[in-house]
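One structure is given here, and the rest of the page talks about it.
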Amino acid sequence: YLVKLALRCFPILEAPYFLKNGYLFGKNVTFTLFHEVNGKKVEGVEYSIYQVGKITTDGKVSLVKPFSEYSLKLDMNSKTSVKNTADALYGYILRDNISALDTSKTDANGVVVFPTKNTLVPALYLVTAKSYQQADGSVCNVQPILLTLPYADSTGSLLYDVKVESKYEILTDTTQF
C-alpha cells in the first residue's frame, strides 16, 4: 500500500484499536518514503528518523527521552495538533543537535527505506529531511512526518511495512535558507 498524505502527519491510533487488530509488540516495522518534486524523482535527499515515543502494551503513546524532558504536550487530537507537535519536535532536534536513530539518502528513484542499520520497533517516530537548494535556486523544504509504526490503513488493518510520499514546500525567497 502507498499511503498518500493529505497533510504531513498521521493520526495516532487509540489503544483498543491496536489490541482489537492483533497488534504485535515483537514484530519489526519498515518505513519507505518516496520523494518527488514536480513529477521528478530526487536523488540524494538526506532523511533521518527519530524514535520520539513509545507505545505501551495498553496502546498508550508517550514521549521518550530526550523528548519527554521538554515542556511539550503530546496532543494528537487533530491534524493541526499533530503538525504543531511534529514542528516542535523537529525544532528541538535542530536546536539541541539530537542524534537520529537512523539516517539515509534517497536513491536514484527518490526512495529511502528505514531501517538501514537499526531495527524499528512499533513506536512513535518523527521523520525529517534536510532542506536543499534546487537547480533553479529555489529551496525545497521537506515537512516533518510524525507517525506511529505500525500504521492503520483505511480498512483498519495494521501495516508493518509503511510507504508514504513526502510533503514539501518550495521557497523562492532563498534568504531564509
Side-chain angles (χ1 to χ4, degrees), residues 1-12 29-53 63 66-67 70-118 120 123-154 159 161-177:
Y1 294 94
L2 177 64
V3 180
K4 291 198 175 200
L5 304 174
L7 290 173
R8 63 176 138 170
C9 311
F10 288 100
I12 299 299
V29 294
T30 59
F31 180 75
T32 304
L33 193 133
F34 300 88
H35 185 73
E36 190 175 294
V37 176
N38 298 325
K40 182 182 174 205
K41 297 170 176 140
V42 183
E43 182 177 7
V45 179
E46 185 176 315
Y47 278 89
S48 297
I49 189 166
Y50 302 81
Q51 183 181 346
V52 298
L63 294 173
F67 305 101
Y70 298 112
S71 59
L72 178 68
K73 182 181 177 203
L74 189 58
D75 181 4
M76 302 299 183
N77 294 320
S78 71
K79 290 178 183 179
T80 300
S81 296
V82 173
K83 173 193 172 305
N84 292 340
T85 301
D87 289 342
L89 288 166
Y90 190 42
Y92 290 129
I93 288 166
L94 294 174
R95 184 190 77 187
D96 297 340
N97 199 27
I98 298 171
S99 297
L101 178 66
D102 204 349
T103 300
S104 188
K105 292 184 178 181
T106 54
D107 63 15
N109 294 312
V111 177
V112 64
V113 179
F114 291 108
T116 64
K117 57 184 176 182
N118 298 311
L120 297 181
L124 178 66
Y125 291 94
L126 183 72
V127 180
T128 65
K130 289 187 176 180
S131 296
Y132 62 93
Q133 195 155 18
Q134 300 187 109
D136 66 1
S138 65
V139 173
C140 183
N141 184 23
V142 182
Q143 300 174 356
I145 301 169
L146 183 64
L147 73 157
T148 54
L149 294 175
Y151 179 74
D153 68 10
S154 60
L159 303 175
D161 181 21
V162 178
K163 297 175 169 96
V164 302
E165 293 178 342
S166 66
K167 295 294 176 194
Y168 58 89
E169 61 182 338
I170 302 297
L171 306 174
T172 55
D173 177 6
T174 57
T175 59
Q176 298 175 9
F177 185 61

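Worth knowing before you read on, the calculation uses all heavy atoms, side chains too, and leaves out hydrogens, waters and symmetry mates.
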>> Distance check, rounded to the nearest 0.5 Å: S131 atom OG versus L171 atom CG?
In response: 7.0 Å
> Out of V162, V127, T30, which one pairs with L149 under the side chain to side chain contact (heavy atoms under 4.5 Å, CB included) rule?
Replying inline: V162
>> Run the salt bridge (Lys or Arg N to Asp or Glu O under 4.0 Å) test against K41 and tell me which residues pass, sequence neighbours left out.
In response: none
>> Between Y151 and V164, is there a side-chain heavy-atom distance shorter than 4.5 Å?
In response: no
> Can you check whether I170 reaches V37 side chain to side chain, under 4.5 Å on heavy atoms?
Replying inline: yes
> Will you find, in the side chains of T172 and S138, an N or O donor that is under 3.5 Å from an N or O acceptor?
Replying inline: no
> Once you round to the nearest 0.5 Å, how far does CG of L124 lie from CG of L146?
Replying inline: 4.5 Å
> Taking all non-hydrogen atoms of both residues, which atom of N109 and which atom of D107 are closest, and how far apart?
Replying inline: N-OD1, 2.9 Å
> Which pair of heavy atoms, one from G53 and one from A123, lies closest together, and at what distance?
Replying inline: O-CB, 3.3 Å
> Just how far is it from atom CZ of F114 to atom OG of S48, taken to the nearest 0.5 Å?
Replying inline: 6.0 Å
>> Between D102 and P115 (side chain of the first, backbone of the second, donor and acceptor by atom type, cut-off under 3.5 Å), is there such a pair?
In response: no
> Are side-chain heavy atoms of V52 and T85 found at a separation under 4.5 Å?
Replying inline: no
> What's the shortest heavy-atom distance between F34 and K163, and which atoms?
Replying inline: CE1-CB, 3.8 Å
>> I want to check something: taking the side chain as every heavy atom from C-beta on, are L159 and P150 in contact at a cut-off of under 4.5 Å?
In response: no
>> I'd like to check L120 versus L101 (side-chain heavy atoms, cut-off strictly below 4.5 Å). Are they in contact?
In response: yes
> Please walk me through it: do L89 and Y50 pass side-chain contact (heavy atoms from CB on, under 4.5 Å)?
Replying inline: CA-CA 10 Å; L89 288 166; Y50 302 81; over 6 Å; no
> Of all heavy-atom pairs between P144 and L126, which one has the smallest distance, and what is that distance?
Replying inline: CB-CD1, 4.0 Å
> Going from OG on S104 to CD on E46, what distance comes out if it is rounded to the nearest 0.5 angstrom?
Replying inline: 8.5 Å
> How long is the gap from NZ on K117 to OG1 on T103, to the nearest 0.5 Å?
Replying inline: 6.0 Å
>> I want to check something: taking the side chain as every heavy atom from C-beta on, are F67 and I98 in contact at a cut-off of under 4.5 Å?
In response: yes
>> Among residues at least two apart in sequence or on other chains, which ones pass salt bridge (Lys or Arg N to Asp or Glu O under 4.0 Å) with E43?
In response: none
> From K167 NZ over to K83 NZ, what is the distance, rounded to the nearest 0.5 angstrom?
Replying inline: 14.5 Å
> Relative to the ring of H35, is the ring of Y168 parallel (under 30°), tilted (30 to 60°) or perpendicular (over 60°)?
Replying inline: perpendicular
> So which of V113, T128, T106, I145 actually passes side chain to side chain contact (heavy atoms under 4.5 Å, CB included) with Y47?
Replying inline: T106
